[in-house]
Structures are given as C-alpha cells and as structure tokens.
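Both ligands and their constituent atoms are indexed starting at 1 by order of listing. Nothing here was measured: the structure is a model prediction, and the numbers come from that model.
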Amino acid sequence: MTDVAPIAPLARTPEEWAEALRPAGVRPFHARQVFRWVHARSVVDPEAMSDLPKELRATLAPLGLAQSLQVADERRAADGTRKLLVRLRDGATVETVLIPGVTGSKGKLPSPVSAVHDDADAAAAVDDDDEAPGEGSEPIRVTQCISTQVGCAMGCVFCASGVAGLKRQMGADEIVGQVIAGRARLEEGERLTNVVLMGMGEPLHNYAATVRALRLLTHPEGLGLSARRITVSTSGLVPEIARLGEDFAGNIGLAISLHAADDETRSRLMPINKKYPLGVLMAALRAYPLPRRRRITIEYTLVSGENDLPQEAKKLGRLLRGLPVKVNLIPMNPIAASPLGPPDMGRVLAFQRVLCDAGYSCFIRRRRGDDVGAACGQLALLGAKAKVRTVKRAPQPDGKTGR
Ligand code: SAH
Ligand code: SF4
C-alpha cells in the first residue's frame, strides 16, 4: 500500500477491488465481478448486482457507490443531444453531454460527403467521419463529453470555465462516474462508442485522475473502449502531452486548442501560452507518437476581431505545415462574462477557404444542443456535423497536403 489518499471505490481497478475487499473475506473472483457490474454494466446499486453473494452486497451497501454520480438535472435538445447536470460528493456540479450521432440505414443517413472521409481518429468519429453507412439496424452511436475539473485554472478569455477559475479537481471516480451515469441513460438502440474530454476543465491539469479514468474506460473487463475512441482536448500543457503520448503509446486521440498562430495573439487569448509558447507546443505535437493514419485535431475558436483574419488563417497554415492534422473552426459561443463574440459567417467561410486552399481538412462546427444550453463554450464543437464541409484537396505540387 502507498501513503496516498485511498482510491475511491468507483475508481478501483479489479485488482484494487480484490485488495480492498480481502479483509472482509471476499474472494478475488467476486471482487472482480463488482468491477464488471460497475464499469461494464453501469450498475452501482449493490442490490441489483444479482449474481453476488448476499453478504457481499451488504458489504458494498455502505460504500455509497452512487455518490459521485447523482444526476441533478437532465435536458434534451431538439437535435437529440442530452445534457446531464451531475452533482458531485460535495455538492459541486459539472455537466456531461450525450450526443447521438448518425447511424446506419435505419437511422438518419450520413451525408454523401461525410461518407467519403476516411478519418481514423476518435475526434473524427465524433462526427462519424470514419464510418461508412452500415447495413440493417445498427446501434445509434453516442459520443459523451465529460468534464475533468470543477472550473478551470487556465483563464482563456473566451471561455466561461476559464473566467470562473478553478474550484477544485475532480477525482477519477467522478470523471468515470459521468460515463456510468451517461450509459445508464442511453435510450433504446443507442450505444456509447466515443468519449471526449472536452467538458469543463483542463484534463492535463488533473493528469493522474484523468489517466486513471482513461485506464478504467479502456479496461477490457469494464467498458472496454478502445483508446482511439477517446479524445483528450488540451490547451497545450506540453510536459503532460508528452506523458500522455508515452502512457498510451499515442493511442489516445489528441485535440489541441490552438486559437491563434502567433504567440502575441495566443498569449492574449490563452494565458497558458506564456508558459508553453507555440514553438514548444508545436515541437510536442511533432513528437507525439501518433499511430499511422491518425491525425491531431486542431481546435480554433474564431473570435471576432481577435484571430479571424485571412492572414491569420495563412499563418496557421504555415504553422501546421507537415503535421498530420485536421482543423475544426468553431465560431465563438458568446459567454455572459465577456464582450467577445463570433465573427460573421462570411469571415468564417473566408478563414476556412484559406486553409482548404492550403490543403488542410478544415471543418466549421455548428453548435448542438443550443436549446438546452449544452452549447456552452466547450461543447460547441461536440458531435457537430459540419455546417459546411469541404472534401480534401488533391496533394499540392510540393507533395504536402497538410496531413
Ligand atoms: N480545457 C480543454 C478542454 C475543454 S475546452 C481545452 O481547452 O482544450 C474544449 C474546447 O472548447 C476548447 O477548444 C476551448 O477552447 C473551446 N471553447 C471554450 N469556450 C468556448 C467558447 N465560448 N466558444 C467556442 N469554443 C470555446
Ligand atoms: Fe480551461 Fe479549456 Fe476553458 Fe481554456 S478553454 S479556460 S483550458 S476549459
């Protein structure tokens, strides 16, 4: 045993369940079953764990497994997006969002354009770009966006969480608790296929808890999500990007919140840039052990008058040259705490045109779930079918396509 704080029950691995329950005389086999009930089946009520011995269910009862995943509110948007307000142990609340995607022939059909995309990264899977329409009654694929901190310390000027500041870190149990609660609320025909860490907070500023949550989500005896179906979005914490690359051999999808192509603009929008300027950030991206055919997602929130000019798009194109990326442009979602706002659509399209002409896959993301307030800053880019899509251009004469 180590001298660190005890691991919360929902965050235990099967081995840790076995160790924790051994003093109560529970056999390792039964302890592993508890893990499976929680993580593979999203069942946290011991009484519902029907194949466990009665005494074990009684042992589990006082643990209060459901405490990190009380859903205080649930709202559904017209587009099927569901926002859950999760109340944590201490009463703090965070949001998680379920985003149903397109499905096979029994559901909404993907647009012909989306079907030709061959993205293999999890972020793209959010948009079903990597799935051709299937045969028969396929499940409706759901992406869940989860939070990793209550608030955020990074202070990005266009972000509600950043303006509010960091309230506290979330435990791994609270991070996975959102997924357990989300899965328990899936509707008939739906299946959770992707998880994106794009909710409240900076995941890499809560590294240990985030990594434990990723290990639980990918555990073969639990939900068993493939790492490539999980995307971590970060404002660019360079040492932790390297650690994440090492810890998961590059298999976790990476989304980088760039938002500017020069240090002056980026530092103005995102204070973290003063600590890790673009030079070191780009070096970290080049060093990320990305598997073949995978791409890093570049998120670029367009803020009127701040970072939205065509020459800034050109600069961005130069900055990204040679990196395997796709670019998501997100017109800023207005927040109460700031006068900043999105550019008009003409500007957005002009920005996209420059990047497309430079050979990049570049998408404009529309907001989903606006009518239930799920379109708060971070969630702007989730699950959004691009309002405007362009098919990748042929390789440029110099052989570079931006991929
Ligand atoms: N902290 C991480 C993940 C959460 S934020 C990160 O910054 O990457 C997820 C995304 O939402 C980021 O790209 C962030 O820049 C963007 N975002 C935040 N506030 C926004 C807003 N008001 N409008 C549009 N995008 C916003
Ligand atoms: Fe934090 Fe991300 Fe918001 Fe920046 S954009 S303040 S890093 S949550």
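- For Q169 (side chain) and H205 (main-chain N/O), a donor-acceptor pair under 3.5 Å exists by modelled atom type.
- Contact atoms of ligand 1 toward G199: 4 (C) (distance under 4.0 Å to a heavy atom of the residue).
- Residue contacts with ligand 2, taken as heavy atom pairs separated by less than 4.0 Å, involve C156 via backbone and side-chain atoms alike.
- Ring pair Y300/H259 is perpendicular by interplanar angle, where above 60° counts as perpendicular and below 30° as parallel.
- The shortest N or O to N or O distance between L197 and ligand 1 is not below 3.5 Å.
- Among residues at least two apart or in separate chains, salt bridge (charged side-chain N to carboxylate O under 4.0 Å, His left out) pairs with a member in residues 170-184 are R89-D173, R89-E174, R168-E174.
- At a 4.0 Å heavy-atom cut-off, ligand 1 does not touch M200 at all.
- With distances taken over non-hydrogen atoms, the option nearest atom 14 (C) of ligand 1 out of H259, Q149, M270, E299 is H259.
- Among G155, G162, G201, the residue whose heavy atom lies nearest to atom 8 (S) of ligand 2 is G201.
- Of all atoms in ligand 1, listed by their number and element, those nearer than 4.0 Å to a heavy atom of C159 are 18 (C), 19 (N).
- Between the side chain of E190 and the backbone N or O of R141, no donor-acceptor pair lies under 3.5 Å.
- Counting only residues at least two apart or in different chains, salt bridge (charged side-chain N to carboxylate O under 4.0 Å, His left out) contacts with residues 233-256 are absent.
- Residue contacts with ligand 1 for T234 involve N, CA, C or O but no side-chain atom from C-beta outward (heavy atoms, distance under 4.0 Å).
- Of the polar atoms of G201, at least one N or O is found under 3.5 Å from an N or O of ligand 1, judged by distance alone.
- Distances from atom 4 (Fe) of ligand 2 show that C159 has no N/O/S atom below 2.8 Å.
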